[in-house]
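Take a look at the structure set out below.
Just so you know, ligand 1 is whichever comes first in the structure, and atom 1 is the first atom listed for that ligand. Here, residue 1 is the first one in the sequence, and each next residue gets the next number. What you are looking at is a predicted structure, and each value in this text was computed from that prediction instead of being measured.
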Amino acid sequence: MNKIKPTTDFTKVKPYNQEEEKTVQLARMFNTISDKYDKFNDIMSWGMARVWRKQSLLALKKYNPKQILDIAAGTADMCIKSYQYLNPEHVTGVDISAKMLDMGRIKVANANLTDKIDLEVQDCSNLTFANESFDAATIAFGIRNFEKLDESLKQINRVLRPGGHLLILEMNEPQKGLLFKGYQLYTKVFVRMTAKYLSSDKIAYDYLTASMHAFPNGERLIEIMKKNGFKLNKYRKFTFGVCSMYLVQK
Ligand SMILES: C[S@@+](CC[C@H](N)C(=O)[O-])C[C@H]1O[C@@H](n2cnc3c(N)ncnc32)[C@H](O)[C@@H]1O
């Protein structure tokens, strides 16, 4: 049984307890699983996360962004792939988990991109960058973790130049039918087995599936983005709708 109670209020889906701020708990949780995250992500998505990152990033190519901000950068996959697919001048990655970024720095160094990619500990709801600093921002598998969603979207809007793009990639829980049943079984059995196999923080994996259940997707998320100053450019579902891409513009 999942110890995290099912709820539709995503701000209440917290990994460890209801008292502490969600962001504080998440930084701790991602610090704990940072050395296992890439393997878990690959196993859980059957390697599809790499394909989804690439396909979504290619939607930005025609806008030729030169300064890119990757939010919830984690272990820097999106930063590295942004650089490789979009050839910008610079990519800045931010995340609340210092240890995820430490893993990312190793990958950035191995890719010989230390002068092209910077990684900084920052909370998306409180970015320190000047207004209109970036041509594009990206968030892959991160937005459903944001404790302060409206504030975060407002901050992204502030740091983007007028006409700049925000690309979001996020997992969805199938809504109904066989896919829904299959998905529930998959998360209950497979996620647990994977967490056990990686002998990592089991609560973290429960959180990752519970947060998917609670987070608004599709039209609901698009409405929230519109409310915070963005207009929709492109919405695309990948792989039977288990992952969605939203491209919105300031
Ligand atoms: C599932 S990981 C995604 C990592 C990476 N983008 C990828 O494609 O694999 C989610 C990341 O969001 C970060 N995160 C959660 N809340 C955040 C916030 N408020 N601001 C910045 N990063 C945050 C976590 O620390 C974690 O590294």
Pro88 and Gln67, any side-chain heavy atoms less than 4.5 Å apart: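 Gln67 vs Pro88: side chains apart.
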
Set of side chain to side chain donor-acceptor pair (under 3.5 Å) partners for Asn145, sequence neighbours left out: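 Side chain to side chain donor-acceptor pair (under 3.5 Å) list for Asn145, sorted by chain: Tyr207.
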
Those residues that, when tested against Asn126, pass side chain to side chain donor-acceptor pair (under 3.5 Å) (two or more places apart):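 Applying side chain to side chain donor-acceptor pair (under 3.5 Å) to Asn126 gives none.
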
Note: Glu20-Arg28 ion pair, threshold 4.0 Å (strictly below):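 Yes, Glu20 and Arg28 are salt-bridged.
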
Quick one: side chains of residues 233-244, donor-acceptor pairs under 3.5 Å with protein atoms, not counting sequence neighbours, listed by atom name and distance.
| from | atom 1 | to | atom 2 | distance (Å) |
| --- | --- | --- | --- | --- |
| Asn233 | ND2 | Tyr63 | OH | 3.2 |
| Thr239 | OG1 | Trp52 | NE1 | 2.9 |
| Ser244 | OG | Asn172 | ND2 | 2.5 |

Whether Tyr85 side chain and Leu60 backbone form a donor-acceptor pair below 3.5 Å: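 Not at all, since once roles are kept as given, no pair shorter than 3.5 Å links the two residues.
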
Residue contacts for ligand 1, heavy atom to ligand atom, distance under 4.0 Å: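 Shell around ligand 1 (4.0 Å, heavy atoms): Phe30, Tyr37, Asn41, Arg53, Ala72, Ala73, Gly74, Asp95, Ile96, Ser97, Met100, Gln122, Asp123, Cys124, Ala140, Phe141, Asn145, Phe146.
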
